[in-house]
Amino acid sequence: MIHQDSRKLLEIRGLRATVSGIEILKGIDLTVRSGEIHAIMGTNGSGKSTLAKVLAGHNAYTVTAGSVVFEGNDLLGLEPEERARAGVFLAFQYPIEIPGVSNSHFLRLAYNTVQAQRGKDELDPLEFEDFVREKMKLLDMNPDFLDRGVNEGFSGGEKKRNEILQMALLEPRLAILDETDSGLDIDALRIVTTGVNKLATRDNAIILVTHYQRMLNYIVPDYVHVMQGGRIIKTGGKELALDLETRGYDWVGAERRSAIGA
Amino acid sequence: MSAVLQNLVNQPYKHGFVTEIESDIAPKGLNEDIIQLISTKKDEPAWLLEFRLKAYEQWLKMEEPKWPNVKYPKIDFQAISYYAAPKPKKKLSSMDEVDPELLRTFEKLGVPMHERAALAGVAVDVIFDSVSVATTYKQKLAEVGIIFCSISEAVHKYPDLVKQYLGTVVPIGDNYYAALNSAVFTDGTFCFIPKGVKCPMDLSTYFRINTEESGQFERTLIIGEEGSSVSYLEGCTAPKFDTNQLHAAVVELVALDNADIKYSTVQNWYAGDENGLGGIYNFVTKRGLAKGVNSRISWTQVETGSAITWKYPSCILQGENSVGEFYSVAVTNHYQQADTGTKMVHIGKNTRSTIVSKGISAGHSNNSYRGLVRIAPTAAGARNYSQCDSMLIGDQCGAHTFPYIQVRNQQAKVEHEASTSKIGEDQLFYFAQRGIGNEEAVSMIINGFCKDVFQQLPMEFAVEATKLLEFKLEGSVG
């Protein structure tokens, strides 16, 4: 929600980025304040997933221009793990499988690493077990999931739930959800989005990267941005998403072209 | 490959140092006189000299195997010294008399003998070059009738037992390197577990090659009588040299009715530097004979060292219902080459075998799994399950799988599964995005990959193996 005593969490200015020498982001400007939910929408190839990965620090992408300030600090100067510890979280579009590494081990290590960074107590395996089980209820997860390998043989829905569980454990300041709705059936979508809504507070912020409007029926955004060709070409309120749903993306580009007289 | 991954896999060898101890070295070269010299030095009975000479005769007629997927310059067997012993100043009757320099070497290796033995309850039969220096816990084991000593000692004290079993599992002419070993072996371990005795502790031997350019030819013989059981641990490190060192050990295991022998190895010999210079050639023949009904032979190996590894710990499943197991992790880095695997030969009815092989390749290394599963016509109801997984780190290394399956009985069941994976930037990024740095991530991925094997190792060995893999694959992350 937009509230008066919000703080500036993230400020992106003129961000340009390339992958394998091809420019994907061509000047992004975006400001996110605490308590806000932003949806970034756009067609495939518009650069929205790239933006998510660049913010998280994926080293396949090279930032060529612009700045990103997160809670007053230069985010681009940090390694990916430092960004995570500082409170930037990315829920992956395609979560990675790590065979043989148990979920409980992985989750505890991630949790304790972030806790240590915040000067808070780390949890031993028994304490963590109780803690994580509590969080799992939020996402209606089966306890046997803890003993399985990280994302190993998980269904699409299970993987996405695991991402949101990690978000619940790590309590990020900024959560970027990259197409978290893709591959989810209606029931799973409801569970996952209910979980995300419970995690949204006045102090953190969420950026939803999505192709479709349907997730926005459950998580109501304060702002909707439309990306095309590596730029944000339109920003509006939640009703913009509904327009996109009924009218598609083409008109936004056409509108912009006529506005700039192209 | 990214700089991060490169740093992670380019750790220098941590046990590279040479102990300065006077050695008594035989002149270079191999002929009947040298064999005679070894036998005389060791004050051996005539039958053993005969065994050696027969093996030498076989060896002369044989050729080095050409089939392994490894490359190395031709070995000049006449340029090797076949015997080296620390000069005995006087006969040693206790640990206090052992050369302090030698003890310091063990300290550096993290093998403080008395402490280790006392703390972990492990009997350590220490091999230094070719002569046994000290044996602990022998007394305690003797109380239950277990013989655990150097093979030289066994030749003198228990000649009948040695004579009865030596060369019965690996015949003198079995292969080129086994024949060589049979001709010139200088020492090794002998272990005898009598009928019905469950060995009360893990038996452990630490090997260390110390004299430059001296070939090392260990010979190990373990016999489990009816209803006995034993867990044997073998661990190796070696000092850093630029000259290749040949190591050709032979290990023979015999399990009689209902006997159970578990043999675990953690191997960390000098692998050569990052340009592939130097390192140990490890050409080993290890074989277990599950001779009796319901007997079991289980091999677990963690191979991390050596410039070249040529090694196939195998099981001959002769007894009905006998069981063979092979659990292996082989790690290669830089220019290391490994051709390793197992042979499971099913002869008896309802024999079962399990093969779990995990190969990890980094740098410019080459890692091959080679395994044979043979079901003889007599082996009705035999079953085998094989799983071979390879992991690649970087894009300059190779992983290969050569499974040979020969089934001559209709009622047998053989399964083979294989997979290849890669530690990729995306996996590391996933960890990083959860706050976990690259070093810890690689360690976790590797340990997860090897879990099925590590859990077969005795507890303290599993910890050691985990650390060893971290040594091999971790580094300063910039």
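So you know, we letter chains A, B, ... as the sequences are listed, proteins then strands, and number each from 1. Basis for what follows: all heavy atoms, side chains included, without hydrogens, waters or symmetry-related copies. Nothing here was measured: the structure is a model prediction, and the numbers come from that model.
Salt-bridge annotation for B/Arg434 and A/Glu163: present, with a side-chain N of the basic residue lying under 4.0 Å from a carboxylate O of the acidic one. Look at A/Glu129 and A/Arg133 and you find a salt bridge, because one of the NZ, NE, NH1 or NH2 atoms lies within 4.0 Å of a carboxylate O, short of that distance. Electrostatic pairing of A/Glu11 and A/Arg13 counts as a salt bridge here, judged by a charged N lying under 4.0 Å from a carboxylate O.
In this structure, the portion of A/Glu97 lying under 4.5 Å from any heavy atom of chain B is its backbone and not its side chain. Proximity to chain B is absent for every atom of A/Pro172, based on heavy atoms less than 4.5 angstrom apart. Heavy-atom distances place no part of A/Tyr94 under 4.5 Å from chain B, backbone and side chain included. With a 4.5 angstrom heavy-atom cutoff, B/Tyr430 touches chain A via backbone and side-chain atoms both. Both the backbone and the side chain of A/Phe106 come within contact range of chain B, with heavy atoms under 4.5 Å apart. Residue contact with chain B, scored on non-hydrogen atoms closer than 4.5 Å, involves the side chain of A/Asn151 exclusively.
Aromatic ring centres of B/Tyr263 and B/Trp299 lie closer together than 6.0 Å. Ring-centre distance between B/Phe402 and B/Tyr369: not below the 6.0 Å cut-off.
Across B/Lys451, B/Gln427, B/Met444, B/Glu440, the residue that shares the most heavy-atom pairs under 4.5 angstrom with chain A is B/Met444. Interface check for chain B: of the options A/Thr113, A/Leu170, A/Leu109, A/Val114, the most heavy-atom pairs under 4.5 Å are formed by A/Leu109.
Distance check, rounded to the nearest 0.5 Å: CD of B/Glu303 to CG of B/Asn282 gives 6.5 Å.
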